[in-house]
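In listed order, ligands and their atoms are each counted from 1. In what follows, every heavy atom counts, from backbone to side chain, and hydrogens, waters and symmetry copies are set aside.
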Amino acid sequence: MPLLDALARFNDAHPWSHNAHFHPWIMRRLPDRFDRALDVGCGSGDLARLLATRATHVHGIDSDERIIARARESTGPGLPVSFTVADALTYDEGGRYDVITCVAVLHHLPLTEALTRFRGQLAPGGTLVVVGLTREDTRVQTLLGLASVPLNLITGWIRNRGRRAPRPLAMTAPTRPADVPYTEFAREARRLLPGVRLRRRLFWRYSLVWKKVREDAGPGSGSTT
Ligand SMILES: C[S@@+](CC[C@H](N)C(=O)[O-])C[C@H]1O[C@@H](n2cnc3c(N)ncnc32)[C@H](O)[C@@H]1O
């Protein structure tokens with residue numbers, strides 16, 4: 001369709017990261033200081049570096065070697081952050097995390113396994129923040145998606161000061177389409193993470209925030225946020 005082609009051409013010429021857009025929001029969900037943090041599927045490392053301004057140490061892991069090399073190149077010495085090529089489902093360097101973040105990655109992973117794993121890796125009192133993508137299957141998502149089309153154009157224009165621009169480094173990380181519908185995702189998240197807060201967001205994203213109040217926080221534990 002000519003209109004869709006024109007939109008795609010405009011967006012390609014004025015790119016901006018929908019994921020990085022949520023970083024300030026993520027940081028507002030977290031304590032002022034925390035000890036250990038894990039950013040799962042860290043891509044070029046922007047969020048891991050931001051977390052490192054508040055953490056004792058941040059582990060950024062990603063299964064893609066090239067993007068981890070770029071994350072390392074973009075990180076100055078002195079920041080308490082390390083980047084490792086690793087799979088989110090098997091990575092284990094011992095210990096648990098006070099903060100786990102996962103932005104635009106959960107749809108790359110088997111949902112139940114990944115959420116169960118994050119729950120186990122989080123220390124009691126810790127916070128899990130996920131920003132992700134699902135297949136659209138609710139009216140709210142459709143409306144937010146429609147509203148996102150003009151906002152996407154305007155934001156791309158403003159952020160790039162009306163000029164054509166190359167894609168930011170963060171947008172060179174591997175991507176894939178989301179195939180799990182939102183309702184299925186939400187059902188599973190509520191089952192595995194009692195008291196989880198879920199919201200559908202602009203720019204084709206949802207957010208998930210979960211605080212692990214005690215060790216046995218899991219299905220049937222009745223924990224709250
Ligand atoms: C869309 S990118 C998002 C990158 C980054 N979180 C951001 O917000 O810009 C998805 C990332 O997940 C990584 N990824 C996919 N499957 C993974 C897995 N099993 N373990 C670790 N990382 C994975 C990809 O390599 C890619 O860098």
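Between the side chain of Thr84 and the backbone N or O of Ala86 there is no donor-acceptor pair closer than 3.5 Å. In this structure, the side chain of Lys212 engages the main chain of Leu122 through a donor-acceptor pair within 3.5 Å.
In Ala86, the part holding a heavy atom less than 4.0 Å from any atom of ligand 1 is the backbone. Using a 4.0 Å cut-off between heavy atoms, Leu47 makes no contact with ligand 1 at all. If you look at Asn19 next to ligand 1, the close heavy atoms, those under 4.0 Å, all belong to the side chain.
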Before you tell me yes or no, could you show the steps for Ser82 and His57 under side-chain hydrogen bond (donor to acceptor under 3.5 Å, both in side chains), namely the whole-Å CA-CA distance, both residues' side-chain angles and the distance that decides it to 0.1 Å? CA-CA 8 Å; Ser82 54; His57 193 84; 2.9 Å; yes
Run the side-chain hydrogen bond (donor to acceptor under 3.5 Å, both in side chains) check on Thr138 and Gln141 step by step: do they pass? CA-CA 5 Å; Thr138 69; Gln141 274 176 305; 3.2 Å; yes
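Using a 4.5 Å cut-off on side-chain heavy atoms (C-beta onward), Tyr182 and Arg135 make no contact.
Side-chain atoms of Thr56 and Asp35 include a donor-acceptor pair closer than 3.5 Å.
When the options Ile61, Asp64, Asp62 are ranked by their closest heavy atom to atom 24 (C) of ligand 1, first place goes to Asp62. Summarising the contacts of atom 10 (C) of ligand 1 with Pro174, Gly43, Pro110, Cys42, the nearest heavy atom is found in Pro174.
Short contacts between ligand 1 and Asp87, defined as distances under 4.0 Å to a heavy atom of the residue, involve ligand atoms 19 (N), 20 (N). Close contacts of ligand 1 with Val103, meaning ligand atoms under 4.0 Å from a residue heavy atom, involve 3 (C), 5 (C), 6 (N), 8 (O). Remark: ligand 1 atoms within the under-4.0 Å shell around heavy atoms of Ala173 are 2 (S), 27 (O).
Of the protein's heavy atoms, Ala88 N, 2.9 Å lies nearest to atom 20 (N) of ligand 1. Scanning the protein for heavy atoms near atom 15 (C) of ligand 1, the closest one is His108 ND1, 3.3 Å. At the shortest separation from atom 23 (C) of ligand 1 among protein heavy atoms lies Ser63 OG, 3.1 Å. Regarding atom 4 (C) of ligand 1, its nearest protein heavy-atom neighbour is Gly41 O, 3.4 Å.
In this structure, Leu89 does not count as a contact residue of ligand 1, since none of its heavy atoms falls inside 4.0 Å of the ligand. The closest approach between any non-hydrogen atom of Leu109 and ligand 1 is below 4.0 Å.
Residue Arg33 qualifies as enclosed at atom CZ: its count of foreign heavy atoms under 6.0 Å is above 12.
Remark: Arg159 fails to qualify as a cation-pi partner of Trp157 under the 6.0 Å distance and 45° angle criteria applied to the six-membered ring. Taking the ring centre of Tyr97 as origin, the terminal cationic atom of Arg36 falls inside the region bounded by 6.0 Å and 45° from the ring axis.
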